[in-house]
Asks: 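Sharing a structure, written as structure tokens. Questions coming.
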Amino acid sequence: MSDLLTDAIRAALAGVLDPEIKRPITDLGMVRSIDLTGSHARIGIDLTTPGCPLKDTLTRDVTAAAAAVDGVATVDVVFGVMSAEQRADLRTLLRGPGAEPVIPFAQPQSLTKVFAIASGKGGVGKSSVTANLAVAMAADGLRVGIVDADIYGFSIPRMLGVTRQPTRVDDMLLPPEAFGVLVVSIGMFVPPGQPVVWRGPMLHRALQQFLADVFWGDLDVLLLDLPPGTGDIAISVAQLLPSSELVVVTTPQVAAAEVAERAGSIAVQTRQNVVGVVENMSWLAQPDGSRLELFGSGGGQRVADNLSNLTGSEVPLLGQVPLDPRLREAGDGGYPVVLSEPDSPAAEVLRGVARSLAARRRGLAGRSLGLSPAGR
Ligand SMILES: Nc1ncnc2c1ncn2[C@@H]1O[C@H](COP(=O)(O)OP(=O)(O)OP(=O)(O)O)[C@@H](O)[C@H]1O
Ligand SMILES: [Mg+2]
């Protein structure tokens, strides 16, 4: 009788997903024990790591699932931690038995669309655009990840209110999630307030780890928030993710537009697609409804036209995002404007850009760049 009840509880627990890995806890080897005393069930759960931040969620879900079983009146959840061996098994289960972690998005069979958000000048709104596009896509039901590839000037964790570190399972990292978006940033690995002083090869290695050592699951879209300019990271992205496509962010200003073109033109050298241009800070709406063009006008269209000429394929202006103090406040507060003020004009434009990117076909995969020193 009690065996039957134990089986029924185990079956019910198969409906509980690990909040990070999104698979049944029974498949992941997390259910250590089910002990019954009359109608009281004591359930032992092994966590991937002792400080698992998602304990509360698990307690709630496990309790609810077990309590719903006929014959169970009360439930206790007791936590333990996986042994090194269990963690290694879990890693193999998720990753497959292969030794070296590979970048899933660089595999020819990958279905993930990869967009790198680039600009020439700093401070034009790349990170704000990245964060908003990601949460807008997630709100539309897509599985989305962000790699904050701005190693020196990371800002994505703040913009999405992520304070948690990735969970380590053996040599694999489970990224934290915010608003349905998986996020990895160097900001999660350096002590607060400490500058990152790394040189090119280390940047490349860090980016490679973000892509290969992190368990991303099946993503529909991966966004990379690039640092400003045309530096090492942009080249690394092109090498590590040959199918990635660029979204260029600029302001309407002529000077910014010129620099943005340069950033876009590296795509010609790296043979990446430029999918479009986002003009940000386009105007400030006045109380009388007129538009104050603080940074001039026409920069976004100009970059789109010139990049179309340069690349020989149509590079559209995907949207013009107005200046809006609410966008900045939302970013500072870790709650992006497409969620906090979904009806604001800025949010509407960003949502439109997100949808047009999501609707694109995936970039051509696996094109060799001929840039790799290993001469692949
Ligand atoms: N449309 C907008 N309206 C109001 N404020 C904005 C807008 N876009 C961006 N900002 C603000 O401008 C600042 C710079 O934006 P953001 O950090 O997104 O730019 P960036 O291009 O990523 O900068 P960096 O080159 O330093 O990485 C932020 O404080 C952001 O909140
Ligand atoms: Mg930034």
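In listed order, ligands and their atoms are each counted from 1. Residues take their numbers from the sequence shown, with the count starting at 1.
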Asks: For the side chain of Lys126 and the backbone of Asp225, is there at least one donor-acceptor N/O pair under 3.5 Å apart?
Replies: no

Asks: Counting neighbours of CD on Glu85 that are heavy atoms of other residues, nucleotides or ligands and sit closer than 6.0 Å, is the number greater than 12?
Replies: no

Asks: Do Ser127 and Ser155 get their side chains close enough for a donor-acceptor pair, meaning under 3.5 Å?
Replies: yes

Asks: Which is it for Asp170 and Leu90 under the side chain to side chain contact (heavy atoms under 4.5 Å, CB included) test, yes or no, and what are the steps along the way?
Replies: CA-CA 8 Å; Asp170 207 28; Leu90 176 59; over 6 Å; no

Asks: When you check the gap from the basic side-chain N to the acidic O, do Asp332 and Arg328 get nearer than 4.0 Å?
Replies: yes

Asks: State which residues pass ring pair (Phe, Tyr, Trp, His ring centres under 6.0 Å) with Tyr335; sequence neighbours excluded, sorted by chain then number.
Replies: Phe179

Asks: Are the charged groups of Arg302 and Glu261 less than 4.0 angstrom apart, N to O?
Replies: yes

Asks: Mind checking how many protein N/O/S atoms fall short of 2.8 Å from the Mg ion (ligand 2)?
Replies: 1

Asks: For ligand 1, what is the set of protein residues having any non-hydrogen atom at a distance below 4.0 Å?
Replies: Gly122, Gly123, Val124, Gly125, Lys126, Ser127, Ser128, Asp150, Met159, Pro228, Asn280, Met281, Pro322, Leu323, Asp324, Leu327, Arg328

Asks: According to side chain to side chain contact (heavy atoms under 4.5 Å, CB included), who are the partners of Pro322, at least two apart in sequence or on a separate chain?
Replies: Trp283, Pro345, Ala346, Val349

Asks: Is there a side-chain contact between Phe210 and Ile186 (heavy atoms, below 4.5 Å)?
Replies: yes

